[in-house]
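Computed over heavy atoms, backbone and side chain alike; hydrogens, waters and symmetry mates excluded. Counting from 1, the numbers follow the sequence of the chain as shown. Since we're looking at a predicted model, the values are computed, not measured.
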Amino acid sequence: MWTFLFSFLTLRRLGISRPIRIALAVFFVGLTLVVLVYTANLFLTLEERTHAPHVHTHSTH
């Protein structure tokens with residue numbers, strides 16, 4: 001079972017050549033890092049996004 005799962009995760013079962021598998025792995029790792037950074041940024045700035053801004057706009061009348 002572990003052999004099948006590992007070979008499926010490394011895309012060997014699909015018959016894709018090794019350079020393409022490496023490129024896809026690098027792409028997915030990069031995509032995961034981007035999603036983690038974006039999610040961390042979202043949660044760290046969530047309080048600022050949900051509160052009214054501190055700067056008040058000037059009234060035009």
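Every residue was checked against the side-chain contact (heavy atoms from CB on, under 4.5 Å) condition with Tyr38, not counting sequence neighbours, and none meets it. The side-chain contact (heavy atoms from CB on, under 4.5 Å) test applied to Thr45 returns Asn41, Arg49, not counting sequence neighbours.
Rounded to the nearest 0.5 angstrom, Phe28 CZ and Leu33 CG are separated by 13.5 Å.
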